[in-house]
Protein chains: 2
Amino acid sequence: MARRSLPPLNGLRAFEAFGRHGRMTLAADELCVTHGAISRQIRQLELHLGVALTEGPKSRLRLTEAGLRLAQGLTEALDQIDAVLPRQVQAEPRTLQVSCLPTFAMKWLIPRLPAFVAQHPDTPVRISESSGPFDFRADGVDLAIRMRGVEPSPDADVTPFLDHYIGPVLSPELAGGGPPTLEALGRLPRLHTRTFPGSWTEWETQAGARLPPAPIDREFDHYFYMIEAAAAGLGVAMGPWAFVERDLASGRLIAPLGLIRGLPRVCALTPRGQASPAARRFRDWLVAAGAASPPPPGAV
Amino acid sequence: MARRSLPPLNGLRAFEAFGRHGRMTLAADELCVTHGAISRQIRQLELHLGVALTEGPKSRLRLTEAGLRLAQGLTEALDQIDAVLPRQVQAEPRTLQVSCLPTFAMKWLIPRLPAFVAQHPDTPVRISESSGPFDFRADGVDLAIRMRGVEPSPDADVTPFLDHYIGPVLSPELAGGGPPTLEALGRLPRLHTRTFPGSWTEWETQAGARLPPAPIDREFDHYFYMIEAAAAGLGVAMGPWAFVERDLASGRLIAPLGLIRGLPRVCALTPRGQASPAARRFRDWLVAAGAASPPPPGAV
DNA sequence: GAAGTTCTGTGAGGTTTGATCACATGGCTC
DNA sequence: GAGCCATGTGATCAAACCTCACAGAACTTC
């Protein structure tokens, strides 16, 4: 009997949001409900499945292995639903279309967006999430946010607005009490993302370090799941500052070797010489917001 | 704001079931609710999306183009969710595991299953849906239902239990008033399924007919969506009798050229010489149920 | 063409689900 | 141990959802 016994779908949605954010409070914000609602939904879901999806102390919750697997699958499935949904009408043509890296949107851009909206109430903004290539014309994108090195782009004006600090991060539990040496880290499982497979190499280059091959390599589709996996103690991730700032502050993650400035920076791309006025305003705001973002303490 | 505005998920689930079955009543059965609940859910969903998903007279409802696209995407997404769900415990080892073609399960097997359960109350059965290859041992399958020609199988005992009658089917509207000739059908868009790409060729061979290339070819992942597409007037499908029996009876579809016996038959596969007693009982019941299924009227 | 069949649409009413608020609890930091 | 932060939970209320029963629409049958 086909899929007669799917668990409550609203619970799945709540859990998926929790999986991406790693905190019920943030998931609750995204879904516009209180943290209590999320808490109940997830508990209900765990009860239904008979499997623990979260573990650890209440104030520092992590995903279990089963939870991580489920959350990743759900993200994919919900993305697919989102993609096949018939769009009633395209957003008004005058809306500023911003194409942004998914995790950067979630962890950096969206929390700061209200400030832009407050300053420019007449400029409606729509964020779409994508990490792949794009076409300004075909995709109706006014401004894109991507990681870029210094190489020039043929058909885009590139404005770096945020430095990119990276370094190995892991959970305090996994680090144990041992000395936080390069060698110790090298012996732990290493986590990667599909979107930026070169981050470890980049870090080695920038840091002038050299790591032995990892005992285990594990790849994730998204940064946020890699970070949750690191928090769950599954291995060492190459964490960009903008994405792990809160987790470092709260102690969910630690960066024993510190963070160093990476070569690519976060950049705003606009069509060469043709940025719309709204896109220019948004770009200027990005530069200001980037400058106002504190760099990691003690970064090189 | 990632996926802040997904429509009500329960509505999506209801619509997806409706999409597969083509009738609210059947979708309601699957979800164990009344047809009224499904009706409201779908209406609600259409309202939310601002797009018509169904059309046609109330007693002969069809999917719109948008509805078909959405339903197919949802089936895929919900299948994915089902696949990543952590399984609490595997079904008890003594449960008879039957691997069945998805559409055959939905349209033929599941409606008849209560009869088996009534006859064999001590033999718990679990149907899993799959159209691909399988491994008796690795997948824990006791009996599989697949389409097979006459060729022997190296490691399975093959028991045909149902003849396979096929023929071109289409909606009465698409047929119009014209004469139901081979030529007229050949000029209409032709529908295919990914799982049985050869059905048209097979029919041509068996019928001794020869069709010109279709003006449009369109492929679907599942038989049930191909059938819904045919009902919606999108083209001509190669309909197996077991799947279109009800639709032919109700007049939602017509088979102007009749149905002929196809070469492959629906077969029960058991591990060579190692069928469990329960699997043998199930196989015997399949043979009886197949013999009791009326062949299409006037079939060759 | 009247009665019967088979679906879906819908009003009224009840039940369940789910959200909120406010407070409790547990782990951490300082 | 005071203060902070995040989650868990009891009580309560609102909204979502389902059922029942009946109505209506399209078709078939006699």
Side-chain angles (χ1 to χ4, degrees), chain A residues 6-15 17-19 21-48 52-64 67 171-173 228 231 245-254, chain B residues 6-15 17-19 21-48 52-64 67 171-173 228 231 245-254:
Chain A
L6 282 185
L9 297 181
N10 292 326
L12 292 177
R13 167 163 52 186
F15 175 70
F18 167 72
H21 288 105
R23 278 182 207 73
M24 293 198 182
T25 316
L26 298 182
D29 286 349
E30 177 181 313
L31 299 177
C32 301
V33 294
T34 58
H35 73 93
I38 302 287
S39 170
R40 286 178 206 278
Q41 292 273 24
I42 293 181
R43 203 118 332 271
Q44 193 67 22
L45 181 62
E46 288 184 320
L47 218 77
H48 181 104
L53 301 171
T54 61
E55 63 180 1
K58 281 193 275 195
S59 58
R60 206 176 268 190
L61 225 45
R62 297 174 314 229
L63 292 171
T64 60
S171 76
E173 290 82 5
E228 291 310 310
E245 182 175 353
R246 280 202 67 153
D247 292 309
L248 292 177
S250 76
R252 232 163 75 103
L253 290 174
I254 57 173
Chain B
L6 281 185
L9 297 181
N10 292 327
L12 293 177
R13 166 163 52 185
F15 176 70
F18 167 73
H21 291 288
R23 278 182 206 73
M24 292 197 183
T25 315
L26 297 183
D29 285 349
E30 177 180 314
L31 299 177
C32 300
V33 293
T34 59
H35 72 94
I38 302 287
S39 172
R40 286 177 207 280
Q41 292 274 23
I42 293 182
R43 205 117 332 271
Q44 193 67 22
L45 182 61
E46 287 184 321
L47 217 78
H48 181 102
L53 300 172
T54 62
E55 62 181 1
K58 281 193 274 194
S59 58
R60 204 175 268 190
L61 226 47
R62 296 174 315 229
L63 291 171
T64 61
S171 76
E173 290 82 5
E228 291 310 311
E245 183 176 352
R246 277 203 68 151
D247 292 309
L248 291 178
S250 77
R252 233 164 75 104
L253 290 175
I254 57 174

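Chain A is the first sequence line, chain B the second, and so forth, proteins listed ahead of strands; every chain is numbered from 1.
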| query | Could you run down nucleotides 25-30 of chain D 5' to 3' and tag each one B, S or - for protein heavy-atom contact under 4.0 Å? | reply | SS----

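Close to D:dT7, at under 4.0 Å from its OP1 or OP2, lies no side-chain N or O of A:S39. In terms of phosphate contacts, A:T34 brings a side-chain nitrogen or oxygen within less than 4.0 Å of OP1 or OP2 of C:dT20. Contact annotation: B:T25 side-chain N/O to C:dT8 OP1/OP2 distance is under 4.0 Å. Regarding contacts with the backbone of D:dA6, every side-chain N or O of A:R62 stays at 4.0 angstrom or more from both OP1 and OP2.
When the C1' atom of C:dA19 is taken as reference, atom CZ of A:R13 falls 13 Å away, rounded to whole Å. The separation between A:L53 atom CG and D:dT7 atom C1' is 16 Å, rounded to whole Å. Residue A:L61 contributes atom CG, which lies 15 Å from atom P of C:dG26 at whole-angstrom precision. The distance from atom CG of B:L9 to atom P of D:dA15 is 20 Å, rounded to the nearest whole Å. Rounded to a whole Å, the NE2 atom of B:H35 is 13 Å from the P atom of D:dC22. In this structure, CG of A:L26 is placed 8 Å from P of D:dA6, rounded to the nearest angstrom. As a whole-Å value, the separation of B:R40 CZ from D:dA15 P is 18 Å. The nearest whole Å value for the distance from the CG atom in A:N10 to the P atom in D:dA15 is 16 Å.
Expressed to the nearest 0.5 Å, how far CG of A:L6 lies from CZ of B:R13 amounts to 6.0 Å. A:I42 contributes atom CD1, which lies 4.0 Å from atom CE of A:M24 (distance to the nearest 0.5 angstrom). In this structure, the separation between CG on A:D29 and CZ on A:R23 is 11.5 Å, given to the nearest 0.5 Å.
Residues B:E228 and B:R252 are paired through a salt bridge, judged by an N-O separation under 4.0 Å between the basic side chain and the carboxylate. The pair A:R62-A:E173 meets the salt-bridge criterion, with a side-chain N (NZ, NE, NH1 or NH2) lying under 4.0 Å from an Asp/Glu carboxylate O.
Residues that satisfy the side-chain hydrogen bond (donor to acceptor under 3.5 Å, both in side chains) test with B:T54, not counting sequence neighbours, are B:E46.
Counting heavy atoms from C-beta on, the side chains of B:I38 and B:Q41 never come closer than 4.5 Å.
Nearest to the side-chain atoms of B:Q41 among the listed nucleotides D:dC17, D:dA6, D:dT9 stands D:dC17.
No hydrogens or angles were tested; on distance alone, nothing pairs the side chain of A:R43 with the base of D:dT9 as donor and acceptor under 3.5 Å.
When heavy atoms are screened at a 4.0 angstrom cut-off, A:R252 is found touching no nucleic acid atom at all.
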